[in-house]
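The shown structure was predicted, so the numbers you read here are calculated from the model rather than taken from an experiment.
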Amino acid sequence: MVTEAEIEISKKKNREIIEKGKPLYAKLKEELQKKFPSHHIVVINVDDGTYVVGKDEVEAIQKAEKAFSNGYVCRVDNEPVAEFAGCPR
């Protein structure tokens, strides 16, 4: 069973990912929008700014889980999708 403390830690980590991810996306926006269709999903590594892109959330997150553990997820056109944290490699 998940405790309230674990839930709060998870929420805090997700807020941190969003805070780090938004400015990273802003730096990459032009590059991403030139290279990929707007409906594709990008996951940006909030630790170093690298990214992976998939045709949908499943493909993008599967690629990201293999490459890094803390990612900001949005569509290439910057519509939010989700965030993930601490996914196993």
Side-chain angles (χ1 to χ4, degrees):
M1 189 165 133
V2 179
T3 67
E4 284 294 320
E6 291 170 322
I7 292 170
E8 288 306 312
I9 290 168
S10 179
K11 286 180 181 179
K12 181 181 178 193
K13 183 153 182 115
N14 284 342
R15 284 190 299 271
E16 290 171 358
I17 288 170
I18 293 168
E19 289 173 11
K20 290 179 178 180
K22 285 183 178 184
L24 289 171
Y25 173 81
K27 290 179 184 178
L28 295 168
K29 179 180 178 177
E30 189 175 323
E31 174 184 338
L32 292 166
Q33 290 182 347
K34 284 181 182 178
K35 287 184 176 181
F36 304 101
S38 64
H39 65 278
H40 280 200
I41 306 299
V42 60
V43 184
I44 304 169
N45 181 338
V46 297
D47 296 323
D48 66 12
T50 58
Y51 64 87
V52 295
V53 176
K55 294 176 189 167
D56 58 31
E57 293 92 338
V58 173
E59 180 182 3
I61 291 174
Q62 285 175 341
K63 288 180 180 180
E65 286 176 332
K66 293 176 185 175
F68 45 85
S69 60
N70 294 308
Y72 175 76
V73 183
C74 65
R75 287 179 16 157
V76 168
D77 63 7
N78 198 28
E79 289 297 316
V81 177
E83 296 77 38
F84 77 93
C87 294
R89 292 185 188 183

Any side-chain heavy-atom pair from K20 and D47 closer than 4.5 angstrom?
->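 Contact flag for K20/D47 side chains = yes.
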Any side-chain heavy-atom pair of F68 and T50 under 4.5 Å =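 Yes, side chains in contact.
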Ion pair check, K11 and E8, cut-off under 4.0 Å =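 Yes, K11 and E8 are salt-bridged.
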N-O pairing of E19 and R15 below 4.0 Å |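 Judged by the 4.0 Å cut-off on N to carboxylate O distance, E19 and R15 do not form a salt bridge.
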Taking everything shown except K63 itself, do over 12 heavy atoms lie less than 6.0 Å from its NZ?
-> yes
If you draw a 6.0 Å radius around CD in E30, do more than 12 non-hydrogen atoms from other residues or ligands fall strictly inside?
-> no
For I7, the rest of its hydrophobic cluster, which grows through side-chain links under 4.5 angstrom |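 Result for I7 is V2.
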Taking only residues two or more places apart in sequence, or in another chain, which ones meet D77 in a salt bridge (Lys or Arg N to Asp or Glu O under 4.0 Å)?
->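 For D77 the salt bridge (Lys or Arg N to Asp or Glu O under 4.0 Å) partners, ignoring immediate neighbours, are R75.
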Spatial distance of atom [atom1] ([X]) from atom [atom2] ([Y]) [nearest 0.5 Å]:
X: I17; Y: N45; atom1: CD1; atom2: CG; result: 10.0 Å
X: N70; Y: E16; atom1: CG; atom2: CD; result: 9.5 Å
X: C74; Y: I18; atom1: SG; atom2: CD1; result: 11.0 Å

With no hydrogens and no angle check, is any side-chain donor or acceptor of Y25 less than 3.5 Å from a backbone partner on V76?
-> yes
Check: E31 side chain, L28 main-chain N or O, donor-acceptor pair, under 3.5 Å = no
Grab the two heavy atoms, one from V46 and one from L24, that are nearest each other, plus how far apart they are.
-> CA-CD1, 3.6 Å
Taking all non-hydrogen atoms of both residues, which atom of A60 and which atom of G54 are closest, and how far apart?
->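 Closest pair (atom of A60, atom of G54, distance): CB-N, 3.7 Å.
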